[in-house]
Amino acid sequence: MTNNAEDPLHEQLDALRTDLTDVHMPGPHAARRRGARRTRNQVTGAVLAGVAAIAIGVIGTTQDGIFAAPEPVGPTQSPTPAPTDIPTVVPSPMPDEQQETGAELSEALMTADDISGDELTWTVSEEPNPAVECGPPINEAAVLDEAGIDFTADDGNGMMQHLIRTESETVAEELLDDIQDEMESCLPESPVEGEPWRYNVGGLENVGEEGWITSYSTDPADQDAPAPTVTLVRYADVVSVMVRTEPTRSNDGSLDLETPAQATARMCEVLFETTCVGQPEFDDGLGGDASTDDGDTGDGG
Amino acid sequence: MAELMEVTEFDAFYNASNRRVLHQMYAMTGNLADAQECTQEAFARAWQRWKTVSQADNPEAWVRTVAWRIAASRWRKAKNAVTAMARHGTPENTAPPNPDHVALVTALRHIPEAQRRAIVLHHLVGMSVEEISTETGAPTGTIKARLSRGRSALAKLLTDDTSIATGGEQP
């Protein structure tokens with residue numbers, strides 16, 4: 001700690017304390033109750049999802065023919081917008097203009113053609129990619145409908161997209177917030193020893209109605225530890241969760257914004273018959289001075 | 001028995017540190033209600049993970065970091081509301097009573113998030129550049145640059161009330 005005794009700015013900031021005199025903090029019991037409620041909600045969501053899965057399994061088994069297993073989703077099932085189809089201006093439809101087309105979520109999933117930026121050959125994987133540490137947690141209680149797809153490429157590269165439809169736009173907003181909050185809590189910037197370390201975090205602008213992206217290392221001490229990039233995008237009542245995993249931290253700080261942009265363009269086109277993607281931009285919250293910040297890639301705060 | 005010990009330990013930690021974190025979050029957010037909410041939410045999350053957080057070198061830094069993240073996340077979401085706020089004025093509950101404090105928190109809100117965070121950690125919490133680097137994960141050179149730019153921007157804003165009053169860069 002530094003000595004702030006003769007620091008005028010310290011004195012000014014310290015004086016703000018007087019504004020807090022009448023501010024009431026509820027006490028430790030309220031914080032514990034709130035923490036317990038958060039835990040309960042997360043557990044309830046997981047249990048409900050488990051019960052639903054078992055119930056569907058039982059009914060599906062006993063009433064064969066009522067529930068047919070869905071066909072695996074392939075990369076050629078939905079139209080592929082060409083990169084040049086992306087306009088430079090994002091139309092801003094009013095909420096009441098967000099007409100859903102009635103298409104299934106599975107039809108709006110990304111395809112291998114949407115994955116850009118390298119020479120890897122991506123194929124649809126029948127098996128889900130392994131979960132990554134601090135990966136996006138989904139509160140299943142918020143899920144009305146969902147669909148997912150996994151891709152793999154050589155050398156341990158993986159890509160996953162999960163589309164989630166919720167009851168309403170508000171629920172979708174809350175779901176996106178919850179996922180983001182949980183991930184941010186899971187990834188503090190290293191005051192806790194041994195926690196993972198992030199090297200990109202910020203808003204994904206001009207993609208959907210709101211977007212967020214983060215890259216992190218699952219082990220900062222090990223350059224060979226898997227390095228996921230998680231992208232969350234919301235449009236209307238649908239949330240898209242994308243996780244790209246690289247086998248090592250080869251990321252030099254640059255971000256692949258095109259893949260989430262392509263995937264989101266497809267989602268909006270198929271589900272809403274609209275264009276919801278402009279020129280994707282990463283907003284690390286640093287304003288215009290990020291590039292001159294001694295090589296800082298942005299920590300979002 | 002172990003649970004009771006955890007409760008006692010957490011309560012002692014909360015009682016010892018919650019006003020400090022609230023004060024720091026107020027300086028970082030410039031809004032009493034936001035500071036309260038982010039602080040309380042961060043302590044709730046600390047309780048959820050108390051076994052881990054209590055073993056950290058500095059649990060208060062953990063809470064402060066999480067509270068900051070929650071605040072930063074809200075700003076990004078509220079970005080579109082900023083324009084409206086500039087048009088319609090700041091909500092009443094964000095205005096602290098002391099005019100000097102109004103000028104200071106308003107100036108803080110006009111500088112970029114990262115600079116504001118560095119300023120508060122250095123000049124209010126009293127952390128060194130190296131300590132801020134560790135807490136934020138940014139290189140020391142970056143922290144120095146943020147402090148330097150933040151101080152210059154604040155000095156300019158505090159001597160130029162007009163630019164603050166008419167709005168400008170917001171979090």
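Just so it is clear: chains get the letters A, B, ... in the order the sequence lines come, proteins before strands, and each one is counted from 1.
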For a 4.5 angstrom cut-off between non-hydrogen side-chain atoms, does B:Leu108 reach A:Leu13? yes

Considering only heavy atoms from C-beta outward, does the side chain of B:Leu158 approach that of A:Gln12 to under 4.5 Å? yes

Say you draw a straight line from [atom1] of [X] to [atom2] of [Y]; how long is it, rounded to the nearest 0.5 Å?
| X | Y | atom1 | atom2 | value |
| --- | --- | --- | --- | --- |
| A:Arg17 | B:Gln24 | CZ | CD | 9.0 Å |
| A:His10 | B:His122 | NE2 | NE2 | 11.0 Å |
| A:Thr18 | B:His23 | OG1 | NE2 | 8.5 Å |
| B:Tyr14 | A:His29 | OH | NE2 | 8.5 Å |
| B:Leu22 | A:Met25 | CG | CE | 5.0 Å |

Considering all heavy atoms of both residues, which atom of [X] and which atom of [Y] are nearest to each other, and what is their separation?
| X | Y | value |
| --- | --- | --- |
| B:Arg19 | A:Thr21 | NH2-O, 4.3 Å |
| A:Ala31 | B:Phe43 | CB-CB, 4.0 Å |
| B:Gln40 | A:Ala30 | NE2-CB, 3.6 Å |
| A:Asp19 | B:Tyr26 | OD2-OH, 2.8 Å |
| B:Ile119 | A:Leu9 | CG2-CD2, 4.0 Å |

Go through the atoms of B:Asn15 and report whether side chain, backbone, both or neither lie under 4.5 Å from a heavy atom of chain A.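 Side chain of B:Asn15 only, per the 4.5 Å heavy-atom cut-off to chain A.
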
B:Glu37/A:Arg34 ion pair, N-O < 4.0 Å: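 So B:Glu37 pairs with A:Arg34 through a salt bridge.
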
Mind running side-chain contact (heavy atoms from CB on, under 4.5 Å) on A:Arg32 and B:Asp11 for me, showing each step along the way? CA-CA 9 Å; A:Arg32 282 191 275 106; B:Asp11 287 5; 2.9 Å; yes

Does CD in A:Glu167 sit with more than 12 non-hydrogen atoms of other residues, nucleotides or ligands closer than 6.0 Å?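 No, CD of A:Glu167 has 12 or fewer neighbouring heavy atoms, counting only those of other groups under 6.0 Å.
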
